[in-house]
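Keep in mind it's a predicted model, so treat the numbers as computed, not measured. Order of appearance sets the numbers: ligands from 1, and atoms from 1 within every ligand.
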Amino acid sequence: MTDIDATENETPETRLAAVRERIAIAAREAARVPDEVVLVAVSKTFGEEAIRPLLNAGQRIFGENRVQEAAKKWPSLREQYSGVELHLIGPLQTNKVEEALDLFDVFHTLDRPKLAEALVKARDKGRKMPRLFVQVNTGEEPQKAGLAPGDVDAFITRCRTEWSLEVEGLMCIPPLGEEPALHFALLEKMARRNSLPNLSMGMSGDFETAVKLGATHVRVGGALFGSRV
Ligand SMILES: *Cc1c(COP(=O)(O)O)cnc(C)c1O
């Protein structure tokens with residue numbers, strides 16, 4: 001890993017600065033304010049020693065896709081660094097809701113009534129609710145989590161009326177090999193018609209496109225940490 005860093009003359013700090021700059025350029029090109037775009041640094045598969053340089057460089061918002069993995073890394077990092085905000089970006093089983101609530105400030109993957117009901121149950125027991133994004137399976141891929149686009153409006157309505165869950169935005173992961181812009185534009189349209197202010201979309205390969213199409217949260221792993229093994 002250090003070999004790759006040396007040959008590319010990159011450090012976590014320079015990668016972070018480069019990604020921030022690319023976000024800023026894309027935002028300005030779309031006549032948006034760069035500060036409106038939140039960079040979620042996706043640290044899944046990377047250990048504390050890889051994460052620490054980004055924390056030292058000032059990054060505080062991180063994403064993890066597995067509850068178990070986050071539970072191993074983040075409690076100790078949170079003790080060492082103040083102001084950390086952790087985002088869950090992977091699918092969540094209902095039996096892990098309590099543990100996820102211990103760890104994460106924001107869930108990007110609310111994707112079914114059972115999970116909404118599990119959240120409500122936890123709230124009834126006094127748990128504070130996380131900030132919530134609803135995941136949409138914009139490509140309608142059978143193996144992928146997320147609501148079908150046709151079910152989104154009704155689900156958001158149920159969140160508001162039946163469960164009193166405040167949803168702040170939508171999230172998607174476009175299918176591999178398809179033009180991501182089409183999926184980002186679809187997500188933006190669904191968010192707008194449901195009066196949801198935030199859009200979690202864009203990863204290392206397409207975050208500039210996402211920013212141009214309105215992303216408020218980009219989830220970037222590889223471009224910050226180097227490639228995952
Ligand atoms: C891994 C992951 C990312 C980051 O992907 P990169 O291509 O490494 O930037 C973003 N979102 C989700 C949901 C992920 O699982």
query: Of all the non-hydrogen atoms in the protein, which one sits nearest to atom 6 (P) of ligand 1, and at what distance?
result: S204 OG, 3.5 Å

query: Taking 4.0 angstrom as the limit, do R22 and E208 come out as a salt bridge?
result: yes

query: Which heavy atom of the protein is the closest neighbour of atom 12 (C) of ligand 1, given with residue, atom name and distance?
result: I89 CD1, 3.5 Å

- prompt: Salt-bridged, D206 to R219, with N to O below 4.0 Å?
  reply: no

query: Would one find an N or O of M203, backbone or side chain, under 3.5 Å from an N or O of ligand 1?
result: no

field: Part of K44 within contact of ligand 1 (heavy atoms, under 4.0 Å)
entry: side chain

query: Is any NZ, NE, NH1 or NH2 atom of the basic residue among E64 and K44 found under 4.0 Å from an Asp or Glu carboxylate oxygen of the other?
result: no

- request: Mark up the atoms of ligand 1 that fall under 4.0 Å of a heavy atom belonging to G222, in ascending order.
  value: 6 (P), 8 (O), 9 (O)

query: Just wondering, do E85 and V106 contact through their side chains at under 4.5 Å, heavy atoms?
result: yes

- prompt: With the threshold set at 4.0 Å, does a side-chain nitrogen-carboxylate oxygen contact exist between K128 and D105?
  reply: no

query: Which of the atoms of ligand 1 are close to I173, meaning less than 4.0 Å from one of its heavy atoms?
result: 13 (C)

- prompt: What are the atoms of ligand 1, with element, lying closer than 4.0 Å to any heavy atom of V220?
  reply: 9 (O)

field: E117 CD to R112 CZ distance, which is reported to the nearest 0.5 Å
entry: 10.5 Å

query: Salt bridge or not for R131 and E168, using N-O below 4.0 Å?
result: yes

field: Polar proximity ligand 1 side, G221 side, N/O cut 3.5 Å exclusive
entry: yes

- prompt: R219 heavy atoms, cut-off 4.0 Å: which ligand 1 atoms fall inside?
  reply: 4 (C), 9 (O), 10 (C), 11 (N), 12 (C), 13 (C)

